[in-house]
K.L.:
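Structure provided below as structure tokens; questions to follow.
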Amino acid sequence: MEAAVQRHSQEVQPVIRPEAAYQTRLEEIRAEMLIYQQRDRSFVHIRTGLGIVTLLLVILCLGEPERVSWLWLMVPILTFFAVLPFDRRCVRTLQRLTLLQRFYESRLNRLHRIFAAGLPDGREFASENHPWTQDLDVFGQGSLFQMLNECRTQPGRQRLAMWLTTVPDAEEIRLRQSRAQGLKQALLLRESLACIPEVENWSAAEDLLKRWVREPAQPISVGVLIWATTLGIAAVPLMALLLMDFISLSWLVGLVILQAPAILLTRRQISRTAAVMDRVDQALKQFGAVIAVFEQQPVEEPAVRDLLNHFHTETETASRAIHRLSRLTQWMNNSMRNQFFAPIAWTCGLFVILTHRMESWRRQYGIDVADWLETVACLEATVSIAGYCFDHPEDCLPEIVSDRAELLADDLGHPLLKGSVCVRNSLHLTAEAPLMLISGSNMSGKSTFLRSIGASIVLTFCGSVVRARRFVTYPFQLGTAMRVSDSLQEGRSLFFSVVQRLKSVVDLTSGDRTVLFLLDEILHGTNSNDRRRGAEAVIRSLVERNALGLVTTHDLALTRIADSMPNQAVNKHFEDTIVEGTMLFDYTLRDGVVERSNAIELMRMLGLNV
């Protein structure tokens, strides 16, 4: 797998400028939309004209029945039905083009780090107690999730969230990298997925569907099925004879009565199956559509082909099987809800027949549905990562090392910042030199640098490229302490919350993985003496447990910790300059300890008399 990833990174491929590709395609879509909008207006005029002609003919037929035959009404009516398929095709095309326009506009906005409100941001997956998600903007508005997500289904979004919140092993990361690189140029695949409409309440539908397929299938008994089917077959010619007035209505009434025992005997099964399938109908359609898109995608990457092979069964493809179940569900919904069709469904025994066919489907494919859901989730998450890789052709693919604890980043930048304002810095941590202490004035870039490192590690977990010239990392257990606040409801002070968070980071070192800790303004909220003693104790404890990490502070007393840990710790700093009363930052990491503070100057600039 490592060789496959290296092959992808070494292949010489033409660099496609994503913004140019998106803009060109968006202009093509907008031009096509203008054409179909004009056609749609023409169909509106045709429908309006046919309505007026029909009304005039009705008036003439009522007023001059001797001169104007009612048969003339067939002309506008037949014309309407002849035009209707073209009208519907035009409407469907406009809907597809609208979704595509929204997709490409959102991709262009993403390149400029503009995150529109309303886009899925994954906040439902956030947890206050998670080791890093709150500090690294993993979920929420303008988050990593919102930047990456291109999933259409809820299982896909769940899988992407899982990748952002769990630590995989080195081989799994390389596998994700290989799959993402294999789909990196599949812009038409991403476009096809974008054409699939969103579906609400996916979580409930997924739970119901999984529960339904796990339960043993309960086909209708043979005797009841034969009874209902025989009467249903007999009902068709009888209804035709009734329409031709060859028989009386009593024949059909007799069939309705004869069907009653079969339906009454299976009413609970019919009701239970209909209730489940009614609630999963929309999700099922979307699920089948997503699978169909992936089945039609030609791929060369073996790791992706292995996933796609899960959609092939001995008899048919997964999309066809899902489509068949979806059609059965639609027939059942029409039978249950359409008051005009319900009597026909009863007479023809459709309630029994449809329930039996659904149960037969469950017996044949139920064991495969969970695997299909998992495969779709993995593919959608991979497409999201591949899309981000396509958007950033100049970013590097991280090198994963599993035999040593090391973090090397050359020209590293924060992935959520615009490229034009992103300042890049470098670092190197090893087991021999595991600690970097970063001092600096307020707003100088310390916290952003820590988040750049953490966010890049999280992107690496997903198999993505990172904003760096080179990035080498071990699959660390990540632990952060940055955004810590008090809680009035829980009775927690700020300092207690800080200590509690630090304790959770230290506890991570008891696991099997080497910890990478990112501590911002360690032990703020207490006096300098206690902070110095406490911080040194925490940092020594982490380093003694083979953890690597970075600690930021604007308290210069803490920088002396490096003196007590020779060869293990290094001091770096950020600084600012004041030019004509204006505070300027270059956000560049420098060697050594910062020599000045800007707190007083900042207070004066804001109008405080100090």
Side-chain angles (χ1 to χ4, degrees), residues 88 91-103 106 118-122 124-125 145 148-162 183 186 188-213 273-297 307-308 310-311 313 316-334 337 358 361-362 365-366 368-384 386-387:
R88 288 183 174 177
V91 171
R92 287 195 299 269
T93 302
L94 274 176
Q95 291 172 343
R96 180 181 63 83
L97 291 172
T98 300
L99 289 172
L100 287 178
Q101 177 181 251
R102 192 179 306 161
F103 168 74
S106 69
L119 291 176
D121 58 16
E124 66 270 23
F125 306 115
F145 181 92
L148 295 172
N149 177 53
E150 290 188 15
C151 303
R152 307 309 293 171
T153 69
Q154 183 67 9
R157 289 187 284 271
Q158 289 172 344
R159 180 57 58 89
L160 179 60
M162 187 195 77
L183 294 176
L188 290 180
L189 169 66
R190 296 165 60 201
E191 184 176 296
S192 299
L193 290 171
C195 292
I196 300 173
E198 293 283 356
V199 172
E200 301 292 337
N201 300 322
W202 233 110
S203 296
E206 182 185 8
D207 291 341
L208 274 173
L209 185 61
K210 285 183 175 180
R211 195 181 313 131
W212 182 70
V213 297
T273 302
V276 170
M277 300 314 297
D278 178 47
R279 295 178 63 181
V280 304
D281 183 31
Q282 294 302 314
L284 204 60
K285 289 179 182 176
Q286 188 196 51
F287 184 43
V290 170
I291 292 177
V293 169
F294 283 118
E295 286 175 348
Q296 296 165 11
Q297 174 66 24
L307 283 176
L308 295 179
H310 289 232
F311 294 139
T313 67
E316 59 185 340
T317 61
S319 63
R320 289 182 180 177
I322 293 292
H323 182 63
R324 190 153 53 83
L325 181 59
S326 180
R327 285 203 314 271
L328 292 173
T329 302
Q330 291 174 29
W331 275 95
M332 181 63 85
N333 286 341
N334 286 331
R337 294 181 174 182
M358 288 180 182
W361 190 98
R362 174 162 64 160
Y365 295 109
D368 296 319
V369 170
D371 183 47
W372 293 342
L373 285 168
E374 287 291 311
T375 303
V376 164
C378 186
L379 284 168
E380 283 199 290
T382 300
V383 167
S384 295

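The structure presented is a predicted model; accordingly, all values stated were derived computationally and were not measured.
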K.L.:
May I ask you to decide whether R157 forms a salt bridge with E380, counting only side-chain N to carboxylate O separations under 4.0 Å?
P.N.:
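Salt bridge absent between R157 and E380.
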K.L.:
Specify the closest pair of heavy atoms between P155 and A377, including all atoms of both residues, with the distance to one decimal.
P.N.:
O-CB, 3.3 Å
K.L.:
Is the W202 ring parallel, tilted or perpendicular to the F287 ring (thresholds 30°, 60°)?
P.N.:
perpendicular
K.L.:
So I322 and Y365, do their side chains get closer than 4.5 Å, heavy atoms only?
P.N.:
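The answer is no, as the side chains (C-beta and beyond) never meet within the 4.5 Å cut-off.
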K.L.:
Quick one: pull up CZ in F103 and OG in S192 and give me the separation to the nearest 0.5 Å.
P.N.:
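Rounded to the nearest 0.5 Å, the CZ-OG separation comes to 10.0 Å.
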K.L.:
Using every non-hydrogen atom in the two residues, find where A205 and V280 come nearest and quote the distance to one decimal.
P.N.:
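Heavy atoms only, the tightest pair is O-CG1, 3.4 Å.
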K.L.:
Who pairs with R102 by salt bridge (charged side-chain N to carboxylate O under 4.0 Å, His left out), at least two apart in sequence or on another chain?
P.N.:
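Result, salt bridge (charged side-chain N to carboxylate O under 4.0 Å, His left out) vs R102: none returned.
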K.L.:
For a 4.5 angstrom cut-off between non-hydrogen side-chain atoms, does V199 reach Q154?
P.N.:
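Of all side-chain heavy-atom pairs linking Q154 with V199, none is under 4.5 Å.
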K.L.:
At what distance, to the nearest 0.5 angstrom, does CZ of R92 lie from SG of C195?
P.N.:
13.5 Å
K.L.:
Side chains of H310 and E374: does their closest heavy-atom pair fall under 4.5 Å?
P.N.:
no
K.L.:
Taking the side chain as every heavy atom from C-beta outward, state whether L284 and M277 have any atom pair closer than 4.5 Å.
P.N.:
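Counting from C-beta outward, L284 and M277 do come under 4.5 Å.
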K.L.:
Quick one: pull up CE in M332 and OG1 in T329 and give me the separation to the nearest 0.5 Å.
P.N.:
8.5 Å
K.L.:
Using only atom types and a distance under 3.5 Å, with no angle test, would you say the side chain of E191 pairs donor to acceptor with the backbone of L100?
P.N.:
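No.
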K.L.:
With E124, which residues qualify under salt bridge (charged side-chain N to carboxylate O under 4.0 Å, His left out), at least two apart?
P.N.:
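E124 satisfies salt bridge (charged side-chain N to carboxylate O under 4.0 Å, His left out) with no other residue.
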K.L.:
Do you know the tightest heavy-atom contact between G366 and V213?
P.N.:
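It is O-CB, 3.6 Å.
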K.L.:
Taking the side chain as every heavy atom from C-beta outward, state whether R279 and W212 have any pair of such atoms under 4.5 Å apart.
P.N.:
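The answer is no; the side chains never approach within 4.5 Å.
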K.L.:
Does R152 use its side chain to pair, donor to acceptor, with the backbone of I196 at less than 3.5 Å?
P.N.:
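A pair under 3.5 Å: yes.
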K.L.:
Please tell me if the side chains of F125 and L160 come closer than 4.5 Å, counting only heavy atoms from C-beta onward.
P.N.:
no
K.L.:
Which heavy atom of Q330 sits nearest to which heavy atom of D281, and what is that distance?
P.N.:
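In terms of heavy atoms, the two residues are closest at CG-OD1, 4.2 Å.
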K.L.:
Looking only at non-hydrogen atoms, find the nearest pair between I291 and A318 and report the distance.
P.N.:
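Distance-wise, the nearest heavy atoms are CG2-CB, 3.9 Å.
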K.L.:
If you look at every heavy atom in L328 and M358, which pair is closest and at what distance?
P.N.:
O-CE, 3.2 Å
K.L.:
Using modelled atom types and a 3.5 Å cut-off, is there a donor and acceptor pairing between side-chain atoms of W361 and backbone atoms of A321?
P.N.:
yes
K.L.:
Starting at OG of S326, measure out to CZ of R320 and round the result to the nearest 0.5 Å.
P.N.:
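So the gap between those two atoms works out to 15.5 Å.
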K.L.:
What is the distance from atom CD of Q297 to atom CG of L193, rounded to the nearest 0.5 Å?
P.N.:
9.0 Å
K.L.:
Any side-chain heavy atom of V369 sitting closer than 4.5 Å to one from K210?
P.N.:
no
K.L.:
Look up atom CG in L308 and atom CG in L379, then write down how far apart they are to the nearest 0.5 Å.
P.N.:
5.5 Å
K.L.:
For F294, which of V383, T375, L307 qualifies under side chain to side chain contact (heavy atoms under 4.5 Å, CB included)?
P.N.:
V383
K.L.:
Got R337 and D278 here, is their nearest side-chain heavy-atom distance under 4.5 Å?
P.N.:
yes
